[in-house]
There are 2 protein chains.
Amino acid sequence: MNIGEIAHRAGVSRSTVSYALSGKRPVSAGTRKRIQDVIDELGYRPNATARALKEGRTRTIGLVIPPAGSRLTHMQLEFVGSVVDAAARVDLDVLLSPSGGDHDRSFERLVSESRVDGVILMEIRLQDARVGRLHRAGLPYVGIGHTDDDWQMCWIDIDYAGLIRHSVHHLADLGHRHVALVSRSPELVTAGYGPARRAQEGFTAAIRERGMEGVEVMCGDDARSGQECVERLLRDRAGLTGITTINEAALPGIQRALADAGLAVPSDFSVTGVAGRPWAEDFRPPLTAADVPAQDMGEKAVSLLIERIAAPQTPPRHILLSPPISLRSSTGAARADRSAHAAAQV
Amino acid sequence: MNIGEIAHRAGVSRSTVSYALSGKRPVSAGTRKRIQDVIDELGYRPNATARALKEGRTRTIGLVIPPAGSRLTHMQLEFVGSVVDAAARVDLDVLLSPSGGDHDRSFERLVSESRVDGVILMEIRLQDARVGRLHRAGLPYVGIGHTDDDWQMCWIDIDYAGLIRHSVHHLADLGHRHVALVSRSPELVTAGYGPARRAQEGFTAAIRERGMEGVEVMCGDDARSGQECVERLLRDRAGLTGITTINEAALPGIQRALADAGLAVPSDFSVTGVAGRPWAEDFRPPLTAADVPAQDMGEKAVSLLIERIAAPQTPPRHILLSPPISLRSSTGAARADRSAHAAAQV
DNA sequence: TTGTACGCGTTATCAA
DNA sequence: TTGATAACGCGTACAA
């Protein structure tokens with residue numbers, strides 16, 4: 001079913017059908033009705049491919065996600081969902097590309113075959129070849145996270161440094177003197193994953209500012225790793241009384257390790273950090289944390305990208321989100337004798 | 001950058017460039033090299049849109065996911081990931097459409113504008129208008145789950161009825177006489193969500209076969225709902241000693257409710273069901289459950305769809321997966337005096 | 001072995 | 001108010 005067929009049946013030319021649909025030039029009421037009747041009867045819809053070829057745009061955006069091999073965190077998934085929803089709201093389709101590296105075939109298709117009008121790039125690393133690739137291709141893009149150097153690029157990120165710094169200050173105010181930062185997986189951290197690095201910066205800054213003792217550990221993005229990680233921390237660090245983390249997927253494990261050690265939160269031990277709201281609320285007791293606004297980020301990323309597609313030459317905008325820290329119940333005054341108490345439990 | 005530009009710079013005709021790329025007719029070594037050099041220099045890749053228009057196929061498949069408003073379960077997300085990965089492996093792109101209903105604009109675009117060569121439809125309900133829509137559009141599709149009248153369509157599903165029936169028999173063998181089925185959310189169940197309905201069938205069948213007492217409850221797809229749901233069950237059903245569930249997202253809540261009630265698993269209370277492996281393994285103690293092979297399903301769905309696209313007229317195939325039940329540690333002999341024991345704890 | 005010419009479905013432009 | 005025609009970029013039958 002194509003526009004020629006419609007034109008034929010309505011007894012008009014193809015251009016008239018096209019104009020009746022687009023309204024870009026007046027069509028007499030009678031003609032329009034005849035055309036509309038045929039269209040309704042046959043259920044005609046213009047072919048997206050032909051239209052894309054003619055218009056030079058696909059009405060599709062690309063979303064580059066980490067390959068599924070490394071399981072996505074809840075927050076990332078929520079982000080994907082919100083991007084797809086936000087795009088659907090403005091009649092844009094979303095093409096998914098699972099690619100971490102630069103030489104990924106699916107990524108290459110995206111950038112060099114004009115399959116999409118723009119790209120949202122997730123999980124950007126501090127040095128990220130994909131950014132250069134997109135830049136050279138002249139394809140509009142928006143990064144979730146940002147590279148080290150680039151003020152050239154348009155991005156949206158969370159102020160992990162500020163939030164973690166803030167959370168450590170919060171612990172310090174409660175009398176904690178020895179705290180740990182539970183970061184993301186070794187793979188990500190060594191790959192130069194921005195949030196991990198910036199969380200680190202914020203952590204060391206706060207530790208220095210308050211003259212505290214601090215330890216940073218990397219931790220896989222899953223409950224098991226979280227558990228092992230905290231077990232190790234508790235064993236090695238007798239004076240430790242608090243944890244701040246950006247690893248939401250590890251939270252259930254952190255919880256279990258503390259419970260197994262007989263430590264009550266927050267009376268014996270405090271936990272805080274940056275996490276998606278569902279994770280924070282599922283913690284027991286509910287986690288005092290900065291709620292990652294994944295929904296919001298998805299929407300903002302889409303509108304930023306649309307802006308960029310419309311005006312590729314305008315100076316890039318950056319959005320650094322600093323969500324408020326929701327004071328729930330997982331932090332409390334430090335307990336000097338954490339280890340003694342725990343030992344007594346056993 | 002188009003094929004004409006390449007041809008021009010290489011001093012040949014456009015068709016020669018095209019043939020040099022496709023290999024569909026011999027091109028002399030010298031010419032080929034000249035062409036290749038230009039292509040390499042300019043980084044040329046054929047425009048996907050033009051190619052799609054000419055070839056009549058887009059090399060893209062559509063994946064219809066539930067709208068993000070209702071958060072996706074872990075298993076669904078794993079499925080999305082595996083579909084995208086499997087598709088990428090055979091150089092297919094995946095277009096995401098978040099749509100539950102029939103009149104969704106994004107869904108309509110997918111089926112009526114020829115944006116995709118085929119569709120994978122997630123979370124099918126027993127009566128699902130989308131299936132009819134796809135059928136009428138003549139677009140190849142594969143369902144994850146199946147409708148009531150399922151002969152016409154191609155689908156992959158998990159044998160929830162059989163697995164739940166099996167799990168109840170397992171509990172019966174351990175001496176349980178009074179068990180509950182924790183199903184999915186009221187919304188899904190009333191919408192006629194297949195897995196929920198079939199789990200119900202399997203449950204009632206087994207209950208009848210073993211002359212047990214059984215209760216079915218619907219439960220939201222999140223930890224909180226799971227907790228409330230089990231709290232209610234424990235309060236209302238003094239004799240209850242076991243739960244089987246298809247609601248993996250509720251597992252953490254089930255766990256907490258049991259812990260709060262002072263019930264140890266499996267000595268005081270047994271839990272089993274169907275769940276994604278990560279959920280089962282994160283349960284404490286690890287859950288005896290049928291491991292939903294989400295990865296496998298994604299791959300199978302993609303290859304089934306490819307098959308269908310290649311030969312749309314062949315009789316539809318159905319794949320009913322019945323993953324083995326992994327015996328872990330969450331089920332044990334029934335304890336006659338569950339309520340007495342729990343009371344003693346308090 | 002290479003070049004010419006056409007068509008895919010739509011829309012802008014020009015002509016009537 | 002409408003119709004005819006060209007063009008988007010590619011693939012391929014056909015001619016040379």
Side-chain angles (χ1 to χ4, degrees), chain A residues 1-36 38-39 42-60 91 109-117 137-139, chain B residues 1-36 38-39 42-60 91 93 109 111-117 137-139:
Chain A
M1 191 47 45
N2 60 33
I3 201 170
E5 181 70 21
I6 303 293
H8 181 71
R9 301 212 189 191
V12 296
S13 76
R14 302 192 308 176
S15 48
T16 304
V17 175
S18 178
Y19 286 117
L21 280 172
S22 71
K24 290 190 181 174
R25 92 179 178 189
V27 172
S28 74
T31 311
R32 184 170 37 241
K33 171 149 180 28
R34 225 163 356 125
I35 293 172
Q36 195 56 53
V38 177
I39 286 178
L42 300 180
Y44 164 79
R45 296 282 301 270
N47 177 298
T49 306
R51 182 203 295 239
L53 180 57
K54 178 64 186 161
E55 289 191 345
R57 59 169 184 156
T58 59
R59 297 168 189 267
T60 302
D91 290 333
R109 273 203 304 276
L110 217 59
V111 302
S112 59
E113 294 182 3
S114 307
R115 289 181 105 84
V116 295
D117 299 335
L139 197 58
Chain B
M1 192 47 44
N2 59 37
I3 201 171
E5 181 69 20
I6 303 294
H8 181 71
R9 301 211 188 192
V12 298
S13 77
R14 301 190 317 180
S15 55
T16 304
V17 175
S18 180
Y19 285 119
L21 280 172
S22 72
K24 290 194 179 172
R25 92 179 177 190
V27 172
S28 74
T31 312
R32 182 166 41 239
K33 171 149 180 26
R34 223 160 1 122
I35 292 172
Q36 194 57 53
V38 177
I39 286 178
L42 299 180
Y44 165 78
R45 296 281 301 269
N47 178 296
T49 305
R51 183 203 294 238
L53 181 57
K54 176 65 185 165
E55 290 191 342
R57 60 172 183 152
T58 59
R59 297 167 189 264
T60 302
D91 289 334
D93 282 322
R109 274 203 303 276
V111 302
S112 58
E113 294 182 4
S114 309
R115 289 182 106 82
V116 296
D117 298 336
L139 197 59

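Values in this document were obtained by computation on a predicted structure and should not be read as measured data.
To the nearest 0.5 Å, the span separating CG on B/Leu53 from OG on B/Ser114 amounts to 10.5 Å. To the nearest 0.5 angstrom, A/Ile3 atom CD1 is 9.5 Å from A/Arg51 atom CZ. Between the OH atom in A/Tyr44 and the CD1 atom in A/Ile35 there is a gap of 11.0 Å [rounded to 0.5 Å].
Using a 4.0 Å cutoff to heavy atoms of chain B, the contacted part of DNA chain C runs 5' to 3' from C/dT1 to C/dG9. In summary, contact between chain A and DNA chain D, defined as any nucleotide atom under 4.0 Å from a heavy atom of the protein, begins and ends at D/dT1 to D/dG9 in the 5' to 3' direction.
Contacts of A/Arg45 classified as side-chain contact (heavy atoms from CB on, under 4.5 Å), with partners at least two apart in sequence or in another chain: B/Glu108, B/Arg109, B/Ser112, B/Glu113. Not counting sequence neighbours, the partners of A/Thr31 by the side chain to side chain donor-acceptor pair (under 3.5 Å) test are A/Ser28. Checked against side chain to side chain donor-acceptor pair (under 3.5 Å), B/Thr60 has the following partners two or more places apart in sequence or in another chain: A/Arg115. Residues satisfying the side-chain contact (heavy atoms from CB on, under 4.5 Å) criterion with B/Ser13, sequence neighbours excluded, are B/Ser15, B/Thr16.
Residues from residues 1-13 of chain B with heavy atoms under 4.0 angstrom of DNA chain D, sorted by number: B/Asn2, B/Ile3. Contacts between residues 48-59 of chain A and DNA chain D, defined by a heavy-atom separation under 4.0 Å, are made by A/Leu53, A/Lys54. Annotation: proximity of residues 21-32 of chain A to DNA chain D (heavy atom, distance under 4.0 Å) is found for A/Arg25, A/Pro26, A/Val27, A/Ser28, A/Thr31, numbered in ascending order.
Looking only at side-chain heavy atoms (C-beta outward), A/Leu21 and A/Ile39 come within less than 4.5 Å of each other. Within the 4.5 Å cutoff, no side-chain heavy atoms of A/Asn47 are placed close to those of A/Asn2.
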**OP:** Starting from the C-alpha separation in whole Å, work towards a yes-or-no answer on side-chain contact (heavy atoms from CB on, under 4.5 Å) for A/Leu139 and A/Val116.
**Re:** CA-CA 9 Å; A/Leu139 197 58; A/Val116 295; 4.1 Å; yes

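Screening residues 21-36 of chain A for salt bridge (Lys or Arg N to Asp or Glu O under 4.0 Å) gives A/Lys33-A/Asp37 as the qualifying pairs, with residues at least two apart or on separate chains. Residue pairs that meet the salt bridge (Lys or Arg N to Asp or Glu O under 4.0 Å) test with at least one member in residues 4-21 of chain A, sequence neighbours left out, are A/Glu5-A/Arg9.
Residue B/Val111 comes nearest to B/Ala137 through the heavy atom pair O-CB, 4.0 Å, listed as atom of the first residue, atom of the second, then distance.
Note on the helix from C/dT1-D/dA16 to C/dA16-D/dT1: angle between the axes of the first and last five pairs equals 50°, rounded to 10 degrees.
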